[in-house]
Asker: 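Take a look at the following structure, please.
Numbers here are sequence positions counted from 1. Ligands are counted one by one from 1 in listed order, and the atoms in each one are counted from 1 as well. Just so we're clear, the structure is a prediction, and the values are computed from it rather than from any experiment.
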Amino acid sequence: MKFKTIEWKDDGVRILDQRKLPGQVRYLECKDALSVAKAIRTMAIRGAPAIGVAAAMGIALAAQKIRTHRQELFRKEIENVFTQMGQTRPTAVNLFWAINRMRRILEQVNTYGVEQTRMRLVDEALLIHKEDIEVNKKIGEHGKRLIRNGARILTHCNAGALATAGYGTALGVIYAARDEGKRFHVFVDETRPMLQGCRLTAWELAQEKIPATLITDSMAGVLMAQGKINLVIVGADRIARNGDTANKIGTYGVAVLSRWHHVPFYVAAPTSTIDFAIASGKEIPIEERPKEEVTHIGGRRIAPSGVNAFNPAFDVTPHSLIEGIITEKGVLRKPFEKNLKKMLKSKNSFF
Ligand code: MRU
């Protein structure tokens, strides 16, 4: 990739500020956990895997900065950072998955002592970052066979390098197909209200010179009716055991349209996005964001003042509308719950 979404530096965490894209390529230099948490909450960094990586790096920063040798105090302070990170955004399970990985390291502080635990927390955060890129590339390898030469693909929101440690899930599949020499065209939903498709996906695909057309969210139906879309690939923020998938608001509508028009609808996500603790999408907490994101665009009011607005940031697509879930272990097909168990048991790739 020509840019780095997030990078560990000796004195802090460097985050590409996605609020400024595509106009400006600016980086935030976060020197403490609090500023990383703020970057996640305010969506300077966003996308399920990327916020997991950011939280882990924020925790690692705190581990480096907390000046105590007393195990109990160190543990208490890091636990406060877990809480702080966990309160940033509720829907993407990768955030809690990453915090849990860091928690397992902290739990061994009695064995390793404070000094080694500091280093072990940094190592774990760097490992989460490195693994995410590797996992994305595997998702790409498994998913690329779904893209035929000449395909016209629709995607929603941004599930690319910007939303991960650096390659992408839905866009990772597209990059892998491109690297194999396939030719295709990507249609990009603008993704109201935060315009991740318009601002981020269109920018990312342009950086990679992938042919793309931006559309408003309400245009997807007509393109499908005209037979101009053969495949939909989106990312995910949390997948329940039965395959119900939370992703950016508007995804559910795209899935319903896909079913009506017989267009296969795929979700691409790492297994860290699967929440094994929940049976169905009904249990997924949906973040509600400020009304101003709906009433304003780019800080400018577009709705009459005083109007009420509703702003759920995600919706849940029922598993029945999903053709397959492209993971690093293979493409999971229905029945998802049964095949998920089989997939996790299998040592090699699962198809
Ligand atoms: O609110 P956002 O921008 O964090 O929402 C992001 C999405 O919905 C993505 O599609 C999802 O996190 C998958 S990213 C690989």
Side-chain angles (χ1 to χ4, degrees), residues 1 5-6 15-19 21 39-55 88-98 129 131-133 135-140 143 154-175 188-204 217 232-239 245-255 265-275 281 284-290 293-294 311-317 322 325-328:
M1 296 282 114
T5 306
I6 181 164
I15 288 174
L16 175 58
D17 189 345
Q18 299 188 29
R19 295 165 303 186
L21 288 173
I40 298 173
R41 202 176 45 254
T42 59
M43 294 176 68
I45 186 158
R46 32 63 55 201
I51 62 181
V53 172
T88 52
R89 298 197 68 195
T91 303
V93 79
N94 308 63
L95 176 73
F96 305 96
W97 171 88
H129 180 268
E131 282 176 4
D132 187 56
I133 297 177
V135 158
N136 283 188
K137 292 203 167 150
K138 285 187 189 151
I139 291 173
L154 177 71
T155 191
H156 189 75
C157 192
N158 173 265
L162 288 167
T164 60
Y167 188 70
T169 57
L171 297 193
V173 171
I174 283 166
Y175 298 142
V188 180
D189 271 353
E190 67 169 346
T191 319
R192 275 280 285 152
M194 294 296 277
L195 304 173
Q196 288 93 333
C198 170
R199 295 187 303 105
L200 308 177
T201 300
W203 181 79
E204 197 179 313
D217 299 337
V232 176
I233 315 179
V234 297
D237 286 83
R238 195 185 291 231
I239 302 173
T245 295
N247 191 49
K248 179 52 53 196
I249 191 75
T251 304
Y252 170 53
V254 176
F265 178 95
Y266 283 90
V267 169
T271 50
S272 56
T273 305
I274 302 172
D275 186 346
I284 300 178
I286 300 293
E287 175 183 11
E288 211 178 310
R289 295 192 56 87
E293 290 178 357
V294 177
N311 188 16
F314 301 95
D315 57 27
V316 175
T317 298
I322 301 171
I325 302 175
I326 311 162
T327 76
E328 73 275 21

Asker: Quick one: does Ala313 get within less than 4.0 Å of ligand 1, heavy atoms only?
Answerer: no
Asker: Among all protein heavy atoms, pick the one closest to atom 9 (C) of ligand 1 and tell me residue, atom and distance.
Answerer: Asn247 OD1, 3.4 Å
Asker: Which atoms from ligand 1 have a heavy atom of Ala163 less than 4.0 Å away?
Answerer: 14 (S), 15 (C)
Asker: Under 4.0 Å, heavy atoms only, figure out whether ligand 1 is touched by the backbone of Gln196, its side chain, both or neither.
Answerer: side chain
Asker: Out of all atoms in ligand 1, which are within 4.0 Å of some heavy atom of Ala48? Include the element for each.
Answerer: 12 (O), 14 (S)
Asker: Select one of side chain, backbone, both or neither to describe which atoms of Val234 lie under 4.0 Å from any atom of ligand 1, heavy atoms only.
Answerer: neither
Asker: What protein heavy atom lies closest to atom 11 (C) of ligand 1? Include the residue and the distance to one decimal.
Answerer: Asp237 OD1, 3.1 Å
Asker: What part of Met194, side chain from CB on, backbone N/CA/C/O, both or neither, has a heavy atom under 4.0 Å from ligand 1?
Answerer: neither
Asker: Does His156 approach ligand 1 within less than 4.0 angstrom via side chain, backbone, both or neither, non-hydrogen atoms only?
Answerer: neither
Asker: Within the 4.0 Å heavy-atom shell around Ala159, which atoms of ligand 1 are there?
Answerer: 14 (S), 15 (C)
Asker: How does Ala50 reach ligand 1, if at all, at less than 4.0 Å between non-hydrogen atoms: by side chain, backbone, both, or neither?
Answerer: neither
Asker: Checking side chain to side chain contact (heavy atoms under 4.5 Å, CB included) between Ile239 and each of Ile284, Thr273, Val316, Asn247, which is the one that passes?
Answerer: Thr273
